[in-house]
Structures are given as structure tokens and as C-alpha cells.
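What follows is one structure encoded as C-alpha cells, with my remarks underneath.
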Amino acid sequence: MRDKKREARFRLCLALAAAVFLVLLAAFGRWLAPYDPLEVDYGAVMAPPGREHLCGTDRLGRDIFSRILWGAGSSFFLTFVMVAVTSLTGVAVGLTAGLLGGGTDTVLMRLIDVLLAFPGSVFAIAVAGIMGAGIFHTVLALALVWWTKYARLTRNMASEIRNKDYIIQARFGGAGDMGILWRYILPNILPQAVIMASLDVGGMMMSLAGLSFLGLASQPPAPEWGYMLFESRQYMQTAPWMMIAPGAAILITVIVFNLLGDAVRDVLDPKE
């Protein structure tokens, strides 16, 4: 058992180191970029990768590597904001439904059932399409979809925990509702919410890139990974590096954060 825990912690350290490296790269990417991501150079239009341009240039001669570094900041920031908003909202709603019960629980769960009845990506695309293209509308559309599973998980756990013997004994001992919430319920729920949030970073980034690819998120000339794929779709055969570079950035980031989520789950899983 100790070897298994030691191996899980080692995997967590490796995944966390890789994730921290990517986050730092995104945070300082604009200072590490060798070129201005918005600078147009018609003398280097669709130049292949080389010594001057590591990842080549796009249809306007802009350096793709610089655009990836600049776009990493917005992609990471928006992803973390969405994960934070959806997880906090879902946990708050789930705790409200699980602890109050009765009609409040019924109303909130039926609302969640209605939202879960629609495929998440389709619902997000519909909301973003109705409200119009833009980063704020895209974040709101994804937040309306992703908070529901946090709420359902939290509600089920809170409903189960509130009937435990130690909760009843704590009430007999004079503990109030807020004391029970902070001392007994949240410590049991937060590890599961953290695990789910860490696993959702990669999926949220994929969803954001997907909506950007459809032209519903970032707008030109902002360098954003999903929109870079959208711009390069018609040059797949003549300049494949325009799509390979941002696609590889998304792939590597999603893999790293998925591995981090798996490692966090292995370490924090109470069954282990």
C-alpha cells in the first residue's frame, strides 16, 4: 500500500511540475515571444518552420510561435476562470439542495435535470450563438453547462452525510448548521470537487478551443489557439504547420492536465 501511495505522489509531482511549467510559460509568454504576434510581414507569408520562425508563419506573415505564446495566456486564464466559476457555483447549489432538502431540493434538481437533458456542447453552441460571438458570451455559455455535475455530486454527498451518526451526535452536542457545514460536510466534499475540477481543466480548454474554432469565442486579430485552428483550416494542404502548431499546443496542454487530474484523484481518493 505504501508503494502504491508513493507511486501516486510521484506521478502527482511530475504532472504538477509539467502543469506549472505550462502555466508559467503562459504567464510570461508575451515576454518570451520573439515577434509581435500582430505584426504583419507580407514578405514571409506562409513561410515553413525554420531558424527565423520556429513554427512558420500564417497567411499574413505573422509568427505562429509568438502567437501561440501570446494565446496561451488568454486560453489558460479563461479556462481557470471557467473552472473556478462552475465549481464554486455547482458546490454552492449542491450544498443548498442537499442540506435544505424538501421543495428547494426538488426545484434545484429539476432545473439541473432540464439542463442535463441537452448535450453539453450543443447547448453551449446554442447559447453562444443566441447571445452572439465573444469571449464573455462563450464563458457564460460553458458555465451554464458545466456547473450542473458539481451540483449533483455535492447534493448527493451532502444528502448522505447529513444523516450520518456523527452529524446527529454533533447536533446533540450543540453544533450549529454553519459549524457542521464547515467542520464535517465541506471537508468530505471538497476533495471530490477538487478532483473533478482538476479533471475538467483539459475538457474545458477543449470546449473553449472548439467554440473558438467555430468562430463563437475570440475574434481577430486576437491570438487564441482555437481561432488559430479556425483560420488555418483552408490551408491544411498548402501550409499544414499553421494547424499543426496550435493543435499540438492544445493536445499537449490537455494531456498534461488530464494526467494531473488522474494523479490528484489517485492521491485524494478517500477509498485509497
Side-chain angles (χ1 to χ4, degrees), residues 78-128 130-131 136-168 170-171 177-211 254 257-272:
L78 292 174
T79 299
F80 291 147
V81 167
M82 285 188 291
V83 171
V85 170
T86 55
S87 59
L88 292 176
T89 302
V91 169
V93 173
L95 284 174
T96 302
L99 295 179
L100 296 181
T104 302
D105 181 26
T106 301
V107 171
L108 291 176
M109 287 302 102
R110 296 297 77 79
L111 173 62
I112 292 174
D113 290 339
V114 170
L115 293 176
L116 290 176
F118 300 93
S121 299
V122 175
F123 184 76
I125 292 173
V127 172
I130 292 173
M131 294 188 299
F136 176 76
H137 294 162
T138 300
V139 171
L140 180 60
L142 292 173
L144 288 174
V145 175
W146 286 75
W147 71 271
T148 53
K149 59 181 181 180
Y150 290 93
R152 184 172 290 278
L153 171 69
T154 305
R155 179 260 182 187
N156 292 339
M157 295 186 66
S159 299
E160 180 182 355
I161 293 172
R162 71 176 182 177
N163 296 320
K164 294 289 187 180
D165 292 339
Y166 62 86
I167 298 296
I168 299 175
R171 291 189 183 277
D177 292 337
M178 293 304 297
I180 291 175
L181 173 64
W182 288 101
R183 186 172 182 180
Y184 298 105
I185 296 180
L186 279 179
N188 287 280
I189 291 176
L190 286 181
Q192 298 299 322
V194 170
I195 292 172
M196 184 175 291
S198 60
L199 289 171
D200 277 349
V201 172
M204 190 74 77
M205 185 166 289
M206 284 287 292
S207 298
L208 177 63
L211 291 180
V254 171
F257 280 97
N258 282 345
L259 292 176
L260 177 62
D262 290 337
V264 171
R265 180 182 57 192
D266 293 339
V267 172
L268 296 182
D269 190 356
K271 295 180 181 179
E272 299 294 338

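Note that the coordinates shown come from a computational prediction; the quantities given were computed from them, not determined experimentally.
Between Lys149 and Asp200 there is a side-chain heavy-atom pair separated by less than 4.5 Å. Counting heavy atoms from C-beta on, the side chains of Leu260 and Phe257 come closer than 4.5 Å.
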Q. Does the side-chain contact (heavy atoms from CB on, under 4.5 Å) test come out yes or no for Val83 and Met205, once each step is laid out?
A. CA-CA 10 Å; Val83 171; Met205 185 166 289; over 6 Å; no

Q: Go through the steps for Met82 and Trp146 under the test side-chain contact (heavy atoms from CB on, under 4.5 Å), then give the verdict.
A: CA-CA 9 Å; Met82 285 188 291; Trp146 286 75; over 6 Å; no

Q.
Please evaluate residues Trp147 and Ile112 with respect to the criterion side-chain contact (heavy atoms from CB on, under 4.5 Å), reporting the C-alpha separation (whole Å), side-chain torsions for both, the decisive distance (0.1 Å), and the verdict.
A. CA-CA 9 Å; Trp147 71 271; Ile112 292 174; 3.8 Å; yes

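Closest non-hydrogen pair, Val254 versus Gly202, comes out as CG2-O, 3.7 Å. When all heavy atoms of Met157 and Asn188 are compared, the closest pair comes out as CE-O, 3.2 Å. Considering every non-hydrogen atom in both Gly261 and Leu199, the closest pair reads C-CD2, 3.4 Å. The two residues Ala158 and Leu95 have their closest heavy-atom pair at CB-CD2, 4.2 Å. Closest approach of Ser87 and Ala84 over heavy atoms only: OG-O, 3.1 Å.
Taking CG from Asp266 and CD1 from Ile195, the interatomic distance works out to 8.5 Å, rounded to the nearest 0.5 Å. Interatomic distance, Arg155 CZ to Thr148 OG1, rounded to the nearest 0.5 Å: 14.0 Å. Residue Leu111 holds its CG atom at 12.5 Å from OG1 of Thr106, rounded to the nearest 0.5 Å. A distance of 6.5 Å separates CD in Gln192 from CG in Leu153, rounded to the nearest 0.5 Å.
A donor-acceptor pair under 3.5 Å is absent between the side-chain atoms of Thr154 and the main chain of Ala151, judged by distance alone.
Atom CE of Met109 has more than 12 neighbouring heavy atoms from other residues, nucleotides or ligands inside a 6.0 Å radius.
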